[in-house]
Amino acid sequence: MVGRIGTVGMLVFALGACAGGGGGPAAPSSAAAAAQPSPAASAPTSQKPRVDEVERLVKAMSREEKVGQLFMPVVYGTAADTVSGENQARFGAQTPAKVVAKYHLGGVILFPANVKSTAQVVRLANGLQAAAKRVPLLIGTDQENGLVSRMSALMTDLPSADRIGATGDTEFSRAVARATGDELKALGVNLDFAPVADVNLNPRNPVIGRRAFGDDPAKVAKMVSAAVKGFGEAGVASTAKHFPGHGDTATDSHTGLPVIKHTRAQWEKLDAPPFKAAIDAGVDAVMSAHIVMPKLDDSGDPATLSKPILTGLLRDKLGFKGVISTDALNMGGVRKKYGDGEVAVRAVLAGADLLLMPADFPKAYNAVLGAVKSGRISEARLDASVTRLLTLRKNRGFLTEAPKASAEQAAKVLRSAKHRKLAARAAG
């Protein structure tokens, strides 16, 4: 998502969002296994199966709460209790905390207008978390480093993807992502809309360019995989974007609707490898692109609203089980054909779980809620998205208890000597 930040009252959003794990205990030897009673033999006959915590939470939520979990809007102000006319006009609630509570929001995305100082962002994040009553918030931002760096006023000036790609060093990609994640986590941000998994195939591309690791699919895939692992090591959720691939376009999806005429075979060769690599590396989320690929879906709808692309390709073919996020729903590329309410409904029907930055939030929220009530979006479909969103939290360790940032700790982590030294590697 791209945006130009003017006054808090007039935010037009620029380039960006646009927005594992070790093994378990060793298996027993065959002899030891044979000596052990089977679970069926040893379990008491009266024992009830343990209910998964995610499942329990989903069942406990009202329909309104579940719908709220799908949304991640912008809120206005630098503190959770900041009174803002923008919040009142856009949400019917004066403060960020009241917006979160009113709509049972699943997440909030931060922009430079929300940022003044390290201690202030920590207080904002903690205050937003305190307003979320059922489950902790996903607090996201676009920190790709380089051109799209929402927290650049506070964080280490780490190298952009193109500079990392030029080194050919995957461990460098991993280290930069780890450092980025460490700094974001210290601020209270738990979801980064990075890394960019697009392959920069078109030199005239006005949207991707330096945000990509390069123009070679295999090399980009290795860099993306390494970055995903680095974010995971920091304990911050990562997002590969923009699926099915925004690299071969000369149109800006913030103002227009790009058309990419890759055949299915070309897509599999040129666009898909970095997304496959991200999924194999355990990426938490994948962001859709507001682009049309007629050879993948001939409906004329952008990928964000395409079930053949989001469900058919991303879920079924690539086997992705995590969260699918839309790119920002206030962008021109997705708003040309349908109204702001219908766009949100169609994104869910296509397979999206997280609805990012709708242009008219009440209209989008009420449209999705109405579609669930009417049966157009089934309860099972809604529950599937909420389950994935809660599972992301569980995987990152904050399903039932909100992470609490510390200003003192953040001051030690942000722009540390270690991270500045890492940043200097690309320059040297």
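The residues of the chain are indexed from 1 along the displayed sequence.
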Pairwise distance CG(Asn200) to CG(Asp162) - rounded to 0.5 angstrom: 9.0 Å
Any donor-acceptor N/O pair, Arg315 side chain to Phe320 backbone, under 3.5 Å: yes
Pairwise side-chain contact, His262 with Lys295, heavy-atom cut-off 4.5 Å (strictly under): no
Side-chain heavy atoms of Tyr103 within contact of Pro73, under 4.5 Å: no
Ser84 side chain to Glu86 backbone, donor-acceptor under 3.5 Å: yes
Shortest non-hydrogen contact between Ala347 and Leu355, atoms and distance: CB-CD2, 3.8 Å
Flag side-chain contact, heavy atom, 4.5 Å: Thr180 against His419: no
Atom of Val334, atom of Ala328 and distance for their closest heavy-atom approach: CG1-O, 4.2 Å
Nearest heavy atoms of Gly146 and Ser160, plus distance in Å: CA-CB, 3.7 Å
Any Tyr338 side-chain heavy atom under 4.5 Å of Arg346 side chain: yes
Gln129 side chain vs Asn126 backbone, donor-acceptor pair below 3.5 Å: no
Lys229 side chain to Ala281 backbone, donor-acceptor under 3.5 Å: no
Side-chain ion pair, Lys337 and Glu342, N-O less than 4.0 Å: no
N-O pairing of Lys276 and Glu268 below 4.0 Å: no
Ser406 side-chain N/O to Gln409 backbone N/O, donor-acceptor pair under 3.5 Å: yes
Any donor-acceptor pair under 3.5 Å from Thr141 side chain to Gln143 backbone: no
Heavy-atom side-chain proximity of Ile291 to Val259 below 4.5 angstrom: no
Rounded distance (nearest 0.5 Å) linking atom NE2 of His290 with atom OG1 of Thr304: 4.5 Å
Side chain to side chain contact (heavy atoms under 4.5 Å, CB included) evaluation trace for Leu314 with Ile279: CA-CA 10 Å; Leu314 183 52; Ile279 293 167; 4.0 Å; yes
Check: Ser385/Arg381 side-chain N/O donor and acceptor closer than 3.5 Å: yes
Ion pair Asp340/Lys363, N-O distance below 4.0 Å: no
Minimum heavy-atom distance Ala227-Ala177, with the two atoms named: O-CB, 3.2 Å
Reported OG-to-NZ distance for the pair Ser173 and Lys219, which is rounded to 0.5 angstrom: 14.5 Å
From Thr326, Asp353, Leu356, Leu382, residue fulfilling side-chain contact (heavy atoms from CB on, under 4.5 Å) relative to Leu70: Leu382
Distance (rounded to the nearest 0.5 Å) between Lys66 NZ and Leu389 CG: 13.0 Å
Plane angle bin for Tyr365 and Phe361 - parallel if under 30°, tilted between 30 and 60°, otherwise perpendicular: parallel
Within 45° cone and under 6.0 Å: Arg178 NZ/CZ vs Phe231 ring: no
Any side-chain heavy-atom pair of Leu138 and Arg393 under 4.5 Å: yes
Crowding at NZ, Lys404 (>12 non-hydrogen neighbours, <6.0 Å): no
Close side-chain approach of Thr82 to Tyr76, heavy-atom, < 4.5 Å: no
Arg210 atom CZ: more than 12 heavy-atom contacts under 6.0 Å: no
Value rounded to 0.5 Å, distance of CG in Asp198 from NE2 in His246: 7.0 Å
Full working for side-chain hydrogen bond (donor to acceptor under 3.5 Å, both in side chains) between Glu183 and Thr156: CA-CA 8 Å; Glu183 296 198 11; Thr156 305; 2.5 Å; yes
Heavy-atom pair of closest approach, residues Ala410 and Thr118: CB-CG2, 3.6 Å
Enclosure of Glu408 CD (heavy-atom neighbours >12, cutoff 6.0 Å): no
Student check: side-chain heavy atoms of Ser238 and Val283 closer than 4.5 Å: yes
Check against side chain to side chain contact (heavy atoms under 4.5 Å, CB included), Lys394 and Thr400: CA-CA 8 Å; Lys394 180 180 180 180; Thr400 56; over 6 Å; no
Spatial distance of atom OG1 (Thr387) from atom CD (Gln69) [nearest 0.5 Å]: 11.0 Å
Side-chain donor or acceptor of Asn114 paired with backbone N/O of Phe111 under 3.5 Å: yes
Minimum heavy-atom distance between Ala277 and Ala221, given as atom pair plus value: CB-O, 3.4 Å
Side chain Lys133, main chain Ala130, donor-acceptor under 3.5 Å: yes
Atom CG of Asp157 with >12 non-hydrogen neighbours under 6.0 angstrom: no
Partner of Thr239 by side-chain contact (heavy atoms from CB on, under 4.5 Å), out of Leu191, Val286, Asp284: Leu191
Pro302, Pro244, Ser306 screened by side-chain contact (heavy atoms from CB on, under 4.5 Å) with Asp297, the one that passes: Ser306
Residues Thr167, Arg163; criterion side-chain hydrogen bond (donor to acceptor under 3.5 Å, both in side chains); working and verdict: CA-CA 7 Å; Thr167 70; Arg163 290 168 61 199; over 6 Å; no
Criterion side chain to side chain contact (heavy atoms under 4.5 Å, CB included) on Arg211 and Lys241, from CA distance to verdict: CA-CA 11 Å; Arg211 297 167 65 194; Lys241 61 187 187 186; 3.9 Å; yes
N-O pairing of Glu55 and Lys59 below 4.0 Å: yes
Expected output: side-chain Ser225 to main-chain Lys222 donor-acceptor under 3.5 Å: no
Over 12 non-hydrogen atoms of neighbours within 6.0 angstrom of CG in Asp383: yes
Side-chain (Gln94) to main-chain (Asn87) donor-acceptor, under 3.5 angstrom: no
Verdict with supporting geometry, Val236 and Asn190, side chain to side chain contact (heavy atoms under 4.5 Å, CB included): CA-CA 5 Å; Val236 167; Asn190 51 43; 5.6 Å; no
